[in-house]
Every structure is written in structure tokens, then in C-alpha cells.
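Below, read A as the first sequence line, B as the second, and so on, with proteins coming before strands; counting in each chain starts at 1. Note that this is a predicted model, so its numbers are computed, not measured.
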Number of protein chains: 2
Amino acid sequence: MTALPPDLFDELCPSSLLPFRFGDKWAALVLRCLEDGPRRYSELRVSLRRVTPKVLTQSLRGLERDGFVQRTVRPGPPRSVEYELTPLGRSLLVPLYAACAWAAEHWDELLDARDPG
Amino acid sequence: MTALPPDLFDELCPSSLLPFRFGDKWAALVLRCLEDGPRRYSELRVSLRRVTPKVLTQSLRGLERDGFVQRTVRPGPPRSVEYELTPLGRSLLVPLYAACAWAAEHWDELLDARDPG
DNA sequence: CTGAATCCCCCACGATACTG
DNA sequence: CAGTATCGTGGGGGATTCAG
């Protein structure tokens with residue numbers, strides 16, 4: 001990586017998608033919840049205990065709108081809704097794993113930088 | 001990647017650092033501005049035209065606090081301030097490049113998902 | 001079971017202007 | 001040159017409650 005691509009600072013540069021997508025506080029966690037296959041809404045709620053239903057729905061809707069996740073309603077009763085990764089969403093797992101690995105590897109340094117002592 | 005690490009959903013899971021850091025709208029761009037070596041504040045301003053000085057300073061301060069960037073004042077006059085990546089910041093470039101490459105590769109799909117047509 | 005509705009809060013972002 | 005000061009805004013995040 002020697003020179004910057006000329007469009008790096010353009011408004012439409014793909015890099016601007018990073019906060020656009022990773023800015024979502026829970027998106028990464030949600031995607032990882034789906035890595036092994038479809039999950040029901042209630043299953044996601046159990047896994048992501050710290051996320052309130054409203055915020056979880058928000059996050060899922062965002063991921064759905066951007067084409068990372070597909071939502072499927074299985075009529076009831078009892079009614080159930082499944083979420084699963086699209087091919088696009090699955091492809092995002094690759095850089096996501098890289099970022100998670102980095103975070104795990106440098107976890108201590110990060111904490112030290114934030115709170116020296 | 002078969003099973004999720006048990007701590008993935010813990011409050012202190014490293015994955016929670018992703019939005020923690022990538023949530024910063026300009027952080028990725030700033031880091032890439034510094035990939036080839038130290039840059040002065042004014043240089044960064046020129047590169048990042050769309051960022052106002054206040055926001056740029058905010059972003060730099062955040063990156064400095066988290067240990068990604070080092071700030072060096074060279075007394076004047078004329079005074080100058082240089083920013084450069086720390087080893088930690090440089091290590092972050094690796095997953096960052098992966099994310100940028102992914103974004104570039106799937107740019108079209110992303111736009112289609114957002115705005116079908 | 002799967003959300004939607006409501007209310008609130010905080011703060012990142014941004015525009016503009018000013019300073020040592 | 002390298003920022004600060006000030007003001008304004010929007011929206012994501014969260015707690016709680018309600019509904020089909």
C-alpha cells in the first residue's frame with residue numbers, strides 16, 4: 001500500500017462505508033450470531049442480552065435494508081421469524097473476523113491506552 | 001469458525017471495540033492519511049477537505065487517547081504539529097485494509113441494496 | 001413470540017467565527 | 001499554523017410499556 005487511491009477522500013469512496021456500516025453499535029455482534037445459520041428473533045434476544053428489543057430490531061432492519069441479512073416470516077401460530085445472512089452478509093464476515101482477531105490480539109494495549117494503570 | 005467464543009457477548013468482549021473505534025466517522029480516513037508517515041495538521045486538513053477543523057481535532061484526540069496516533073509539537077515559530085501512527089495504530093491498518101478492500105469489492109451490491117434501481 | 005410506540009438523553013457532527 | 005469557542009441539530013441508543 002504505497003499511494004492512496006485518488007478517490008479515497010471523495011464523498012462516494014467505498015471507505016466511507018466503514019462507519020456507515022460498522023458505526024452500528026451492535027451490527028458486528030448480530031452478524032456473528034448468524035454465522036452458523038438462521039436464527040430466530042427470540043434466539044438473538046437471548047444471545048444479545050444487553051440489547052433491548054427495539055434496538056435489536058433497529059439493527060436488524062438496517063442490516064436487512066443494506067442487504068446483509070434476510071428476514072423470513074413463517075406464519076403461525078405460533079408465528080416465528082428467522083434471520084439469516086445473505087451471501088453479501090456472509091462475505092462481510094471475512095473482514096469482520098480480521099477486525100475481531102485484531103481486537104482480541106491487542107486487547108491489553110487498548111485498555112492500557114485508555115486507562116493507564 | 002465453528003462455535004462462538006463464550007465471551008463474545010460479554011460486556012468486555014474485544015469485539016465490542018469495533019464500533020468503539022470504527023464508530024468514529026473519520027477515524028479510518030485519518031489513519032489512512034498517516035499510513036505513509038507523519039503528517040502535519042494542515043496537511044491533514046487539505047487531504048480531508050470535508051472535515052471541519054474542530055471535528056478533525058476531535059478525531060485526532062480520540063485516536064491519540066486510544067494509542068493509535070502520536071502527537072508531536074515542534075516549537076516555532078513557525079510552530080508545527082505532527083501526527084504519526086504508533087505501532088498499535090499501524091497494526092490496525094491490516095484489518096482496515098481488509099475492510100476497505102471488501103467495501104471496494106462489494107460497492108455495487110451495497111448501492112443496489114440501498115437504492116434498488 | 002415478535003416486535004411497535006413512546007419518551008428521553010446524550011453527544012458526534014457540523015457551520016461559523018475567533019485566537020495565541 | 002493549529003487549533004478553540006459557541007451554537008445548533010439530528011439521530012442512535014436505551015428504558016419502559018403496549019400490541020397483534
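Residue B:Y83 has its side chain nearest to D:dG3 when only C:dC1, D:dG3, C:dG3 are considered. When each of C:dT2, D:dA15, D:dG13 is scored by its nearest atom to the side-chain atoms of A:T52, the top-ranked nucleotide is D:dA15. For B:V55, the listed nucleotide lying nearest its side chain is C:dG14; candidates were C:dG14, D:dG13, D:dA2. Side-chain atoms of B:Q58 lie closest to C:dA12 of the nucleotides C:dA12, D:dC1, D:dG3. Of the candidates D:dG14, D:dG3, C:dG14, the closest approach to any side-chain atom of A:W26 belongs to D:dG14. Each of C:dA4, D:dT4, C:dC1 was ranked by its minimum atom distance to the side chain of B:R61; first place goes to D:dT4.
Whole-Å rounding puts the A:R45 CZ to C:dA4 C1' distance at 12 Å. Note: CD (B:E43) to C1' (D:dC1) measures 12 Å, nearest angstrom. Nucleotide D:dA2 holds its P atom 9 Å from the CG atom of B:L44, rounded to whole Å. Remark: P of D:dG12 and CG of A:D24 are 9 Å apart, rounded to the nearest angstrom. In this structure, the CZ atom of A:R49 is 15 Å from the P atom of D:dA15, given to the nearest Å. Atom CG in A:L56 sits about 16 Å away from atom P in D:dG12, given to the nearest Å. Rounded to whole Å, the distance from NZ on B:K25 to C1' on D:dG12 is 14 Å. The separation between A:R50 atom CZ and D:dG13 atom C1' is 13 Å, rounded to whole Å.
Side-chain nitrogen and oxygen atoms of B:S42 include at least one within less than 4.0 Å of the OP1 or OP2 phosphate oxygen of D:dA2. Here B:R40 reaches the OP1 or OP2 of D:dA2: one of its side-chain N or O atoms lies under 4.0 Å away.
Residue B:R71 is classed as a sugar-phosphate contact, given heavy-atom separations below 4.0 Å to backbone atoms only.
Annotation: of the two residues near DNA chain D, B:Y41 and B:K54, the 5′-most nearest-nucleotide partner is B:Y41.
Using a 4.5 Å cut-off on side-chain heavy atoms (C-beta onward), B:R71 and B:L60 make no contact. Side-chain contact between A:C100 and A:R32: present, with at least one pair of heavy atoms (C-beta onward) separated by less than 4.5 Å. At a threshold of 4.5 Å between non-hydrogen side-chain atoms, the residues B:V30 and B:D24 do not count as touching.
Contact record, A:T57 with A:Y41: OG1-OH, 3.0 Å, taken as the closest heavy-atom pair. Residue B:R39 comes nearest to B:L44 through the heavy atom pair CB-CD2, 3.9 Å, listed as atom of the first residue, atom of the second, then distance.
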